[in-house]
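Take a look at the structure below.
A quick note: this is a predicted structure, and the numbers were derived from the prediction, not measured.
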Amino acid sequence: MKRCLAVMLCTILIASLALTLTSCGKSDMKAIEKKGYFTCGITIYDPMNYYDADGNLIGFDTDFAKAVAAELGVEVRFQPIDWGSKYLELNSGSIDAIWNGFTRGNESDGTSRADYVDFSYDYLNNSQCVVMKADKAAQYTSLASLAGLAGAAEAGSAGEAIAKEASSNYTAVGSQLKTLMELKAGTIDFAVVDVLLANSLTGKGDYADLTPNTAITLEPEVYAIGFRKGSDLTARVNAAIVKLSENGTLAAIAEKYGLTNALIPNIGK
């Protein structure tokens, strides 16, 4: 009986080791080539990934991902995700990349995002900014001055830590766009969002009464793409990014979406 049990345990250990070794040797790129596409996890916001008047998904990151896919000889699919669950989505295999204005930096608890993903080369400069009602923004000139106000940011976003620090009355919402909606509706007093989004949307249309508070300056940051730790897709995408930077494709996409000044030159150099 003991011998049978020992054999069974040995068999289980060998099987577990085999699975571990197989997992360690898994190639994301081979799997992508086999199925013919990779999947980007996104949220919807202008100017990175958003819908035009005809319902077509467009934006800098949309066109960028399509250009990289063409270089890899595959297609790209886009899957809207809950930003707060981005690592779960990535590691479960439901997406292959976090590609949506993803800031290289820390989570709101101070943990480096590089602990969760392998990053591509940086490609766009950005920063967080405080957005307020235009008729009230001049009253506030520092993060400290926001202490008694109600603030919001997208859960899991780079702006979340800033909003939490600035306000004891903080609310996490599902997307950056929703923070602007809450601000417009008057349920909050300020929102912390990407400056690229703020510059693209505020001061016009539905958000004509909102403005970035330029008196409150925050640290610069950069966008990069997040891949599973150890994924061979990272190097392949990086090689494609360098080529698209060198041949002017990225510059043309940046110009199309008004991001020329934000584009990092000579990527990967």
Side-chain angles (χ1 to χ4, degrees), residues 25-50 52 56-81 86 89-91 93-105 113-114 116-127 158 194-197 200 220-269:
K26 182 181 178 182
S27 167
D28 283 340
M29 195 60 224
K30 286 182 179 179
I32 287 166
E33 289 173 338
K34 183 176 180 179
K35 65 185 180 182
Y37 65 90
F38 64 89
T39 303
C40 296
I42 65 169
T43 58
I44 304 301
Y45 78 93
D46 185 331
M48 307 314 292
N49 304 90
Y50 63 103
D52 65 14
N56 300 308
L57 188 66
I58 61 172
F60 180 90
D61 274 343
T62 306
D63 289 4
F64 182 16
K66 288 179 179 178
V68 167
E71 290 295 325
L72 298 182
V74 297
E75 296 180 353
V76 60
R77 297 183 182 181
F78 300 95
Q79 180 174 312
I81 61 172
K86 55 188 176 290
E89 296 281 0
L90 183 66
N91 292 323
S94 64
I95 62 173
D96 299 299
I98 303 170
W99 196 332
N100 181 237
F102 187 29
T103 300
R104 181 194 291 271
R113 286 177 165 176
Y116 298 111
V117 301
D118 284 343
F119 277 109
S120 72
Y121 292 136
D122 304 333
Y123 61 92
L124 281 180
N125 290 306
N126 182 53
S127 68
D194 289 11
V195 72
L196 297 183
L197 175 144
S200 180
E221 59 190 38
V222 292
Y223 286 165
I225 309 155
F227 302 98
R228 280 182 285 277
K229 298 291 287 185
S231 175
D232 57 349
L233 181 58
T234 310
R236 291 291 299 275
V237 170
N238 274 340
I241 291 173
V242 170
K243 183 175 180 179
L244 294 171
S245 177
E246 291 175 343
N247 67 19
T249 299
L250 278 182
I253 296 173
E255 182 178 8
K256 178 180 177 181
Y257 294 102
L259 297 175
T260 297
N261 292 335
L263 183 66
I264 295 174
N266 303 314
I267 297 175
K269 302 299 184 183

Closer than 3.5 angstrom, by distance alone: can the side chain of [X] be matched with the main-chain N or O of [Y] as a donor-acceptor pair?
X      : Y      : answer
Asp61  : Asn49  : no
Asn100 : Thr43  : yes
Asp232 : Ser27  : no
Tyr121 : Asn238 : no
Asp118 : Gly230 : yes
Arg104 : Ser120 : yes

Is it true that the side chains of Ser94 and Glu89 contain a donor and an acceptor less than 3.5 Å apart?
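Glu89 and Ser94 do have a side-chain donor-acceptor pair below 3.5 Å.
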Examine the side chains of Asp28 and Ser231 and answer whether a donor and an acceptor come within less than 3.5 Å of each other.
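The criterion, which ignores hydrogens and geometry beyond distance, is satisfied for Ser231 and Asp28.
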For the student: nearest non-hydrogen atoms of [X] and [Y], plus distance:
X      : Y      : value
Ile95  : Arg228 : O-NH1, 2.8 Å
Ala240 : Glu71  : CB-CB, 3.8 Å
Gly101 : Asp194 : O-OD2, 4.0 Å
Arg236 : Leu72  : O-CD2, 3.8 Å
Tyr257 : Asp63  : OH-OD2, 3.0 Å
Thr62  : Phe78  : O-CZ, 3.6 Å

With rounding to the nearest 0.5 Å, note down the distance linking [atom1] in [X] to [atom2] in [Y].
X      : Y      : atom1 : atom2 : result
Leu233 : Glu33  : CG    : CD    : 10.0 Å
Leu124 : Asn261 : CG    : CG    : 11.0 Å
Cys40  : Ile225 : SG    : CD1   : 7.5 Å
Ser200 : Tyr50  : OG    : OH    : 6.5 Å
Phe38  : Trp99  : CZ    : CH2   : 5.0 Å
Tyr123 : Leu263 : OH    : CG    : 10.5 Å

Evaluate the side chain to side chain contact (heavy atoms under 4.5 Å, CB included) criterion for residues Leu259 and Leu196: first the C-alpha distance (whole Å), next the side-chain angles of each, then the deciding distance (0.1 Å), finally the verdict.
CA-CA 8 Å; Leu259 297 175; Leu196 297 183; 4.0 Å; yes
Is the closest side-chain heavy-atom distance between [X] and [Y] below 4.5 Å?
X      : Y      : result
Lys269 : Val242 : yes
Ile253 : Leu244 : no
Pro220 : Asn125 : no

So with a 6.0 Å cut-off around [atom1] of [X], is the heavy-atom count from everything else above 12?
X      : atom1 : result
Gln79  : CD    : yes
Asn56  : CG    : yes
Lys229 : NZ    : yes

Side chain to side chain contact (heavy atoms under 4.5 Å, CB included) evaluation trace for Tyr37 with Asp96
CA-CA 10 Å; Tyr37 65 90; Asp96 299 299; 5.5 Å; no
Only one of Val117, Ile42, Ile81, Asn91 forms a side chain to side chain contact (heavy atoms under 4.5 Å, CB included) with Lys86, so which one is it?
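Of Val117, Ile42, Ile81, Asn91, side chain to side chain contact (heavy atoms under 4.5 Å, CB included) with Lys86 is met by Ile81 alone.
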Verdict with reasoning, Asp122 to Ile267, per side chain to side chain contact (heavy atoms under 4.5 Å, CB included):
CA-CA 7 Å; Asp122 304 333; Ile267 297 175; over 6 Å; no
Name the residue from Phe119, Phe227, Tyr223 that meets the ring-ring contact (aromatic ring centres under 6.0 Å, His included) definition with Phe102.
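Testing each of Phe119, Phe227, Tyr223 against Phe102, the sole residue satisfying ring-ring contact (aromatic ring centres under 6.0 Å, His included) is Phe119.
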